[in-house]
Amino acid sequence: MKNAAVNDEQILRDAVSLVNDGMAVTLRVKGSSMLPFILGGHDSVVLTRPGDVAVGDVVLAHIDGQRYVLHRVMEVSPERVVLMGDGNLRGQEVCRPEDILARADEVMDEKGRHRRLDTPRQRRRARIWRSLLPVRRWILAVYKRTIIRNIKIQ
């Protein structure tokens, strides 16, 4: 019997199904759109039911029914939610509130250390980071050349 290849979309659909059943699901993150708070290829996030989504939450959303993103909530209204990755310099995604599939409550690194994302300290750090949008390009460049260069990423 051949091993069937499982793609990322199927894994995410299964993870969302488990979250909907009330389970917490841990997934390794890909990409750099959530730098410096979540390092793709190194960190994992613990996903839970989204509940009431607030500005500053990190959520898993299905955008335009085509792709999944793990980004931070920038704005919330009854009709739409605006998302943006912490590592993005421009560009936002807009989705409906029902397209928010899970919330990332904590980050776990390769050594198993956990960091909650919903503490007052982490929310304050995220607010300060958002306010630095005009200069994030340079901060991220330094971060990538110094910190990330020294981390072994799979």
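Evaluation of the salt bridge (charged side-chain N to carboxylate O under 4.0 Å, His left out) test over residues 30-43, restricted to residues two or more places apart or in two chains, returns D8-K30. Sorted by first and then second residue, the ring pair (Phe, Tyr, Trp, His ring centres under 6.0 Å) pairs with a member in residues 74-93 form an empty list; sequence neighbours excluded. A ring pair (Phe, Tyr, Trp, His ring centres under 6.0 Å) check over residues 63-103, counting only residues at least two apart or in different chains, returns the pairs H62-Y68. Residues in residues 59-68 take part in these salt bridge (charged side-chain N to carboxylate O under 4.0 Å, His left out) pairs, two or more places apart or across chains: R67-E93. Within the structure, side chain to side chain donor-acceptor pair (under 3.5 Å) contacts touching residues 127-138 (residues at least two apart or in different chains) do not occur.
I139 and I128 fall within the same hydrophobic cluster, defined by Ile, Leu, Val, Met, Phe, Trp and Tyr side-chain heavy atoms under 4.5 Å apart, directly or through other members. If you chain together hydrophobic residues whose side chains sit under 4.5 Å apart, V59 and V16 never meet in one group. Note on L47: it clusters hydrophobically with M23, by side-chain heavy-atom contacts below 4.5 Å among ILVMFWY residues. Hydrophobic clustering (side-chain heavy atoms under 4.5 Å, transitive across Ile, Leu, Val, Met, Phe, Trp, Tyr) groups Y143 together with V135.
Across all non-hydrogen atoms, the minimal contact from S33 to N88 is CB-OD1, 3.5 Å. The two residues C95 and I63 have their closest heavy-atom pair at CB-CD1, 3.9 Å. The two residues P50 and A102 make their nearest non-hydrogen contact at CD-CA, 3.9 Å.
No side-chain donor-acceptor contact under 3.5 Å links R103 to the backbone of T48.
Partners of E98 by salt bridge (Lys or Arg N to Asp or Glu O under 4.0 Å), not counting sequence neighbours, listed by chain and number: R96. Residues passing the salt bridge (Lys or Arg N to Asp or Glu O under 4.0 Å) test with R90, sequence neighbours excluded: none. Partners of E9 by side chain to side chain donor-acceptor pair (under 3.5 Å), not counting sequence neighbours, listed by chain and number: R13. Every residue was checked against the side chain to side chain donor-acceptor pair (under 3.5 Å) condition with S17, not counting sequence neighbours, and none meets it. Not counting sequence neighbours, the partners of R123 by the salt bridge (Lys or Arg N to Asp or Glu O under 4.0 Å) test are D57. The salt bridge (Lys or Arg N to Asp or Glu O under 4.0 Å) search around R49 returns none, not counting sequence neighbours.
Contact of the L83 side chain with the V73 side chain is registered, since non-hydrogen atoms from C-beta on lie closer than 4.5 Å. Looking at heavy atoms from C-beta onward, P97 lies out of side-chain contact with V53 at the 4.5 angstrom threshold. Inter-residue side-chain proximity for I11 and N7 is flagged as unmet; no heavy-atom pair is nearer than 4.5 Å. Within the 4.5 Å cutoff, the side chain of D14 has no heavy atoms near those of the V25 side chain. Using a 4.5 Å cut-off on side-chain heavy atoms (C-beta onward), V29 and V107 make no contact. With a 4.5 Å cut-off on side-chain heavy atoms, V19 and L60 do not count as touching. Looking at V58 and M34, their side chains come closer than 4.5 Å, going by heavy atoms from C-beta outward.
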If you apply the rule side chain to side chain contact (heavy atoms under 4.5 Å, CB included), what do you find for L140 with L89, and how did you get there? CA-CA 10 Å; L140 283 169; L89 302 173; 4.0 Å; yes
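Interatomic distance, CG of L27 versus CG of L12, reported as 6.0 Å (0.5 Å rounding). From R125, atom CZ reaches atom CG of D86 across 10.5 Å, with rounding to the nearest 0.5 Å. To the nearest 0.5 Å, atoms NZ (K144) and CG (L39) are separated by 10.5 Å. A distance of 10.5 Å separates CZ of R116 from CD of Q122, quoted to the nearest 0.5 Å. Expressed to the nearest 0.5 Å, how far CG of D99 lies from CG of L101 amounts to 7.0 Å. Distance check: D105 CG to L117 CG gives 7.5 Å after rounding to the nearest 0.5 Å.
In this structure, D21 places its CG atom where more than 12 heavy-atom neighbours from other residues, nucleotides or ligands lie under 6.0 Å away.
With a 4.5 Å cut-off between side-chain heavy atoms of Ile, Leu, Val, Met, Phe, Trp and Tyr, the cluster of M84 takes in M74, V82, V94, L133.
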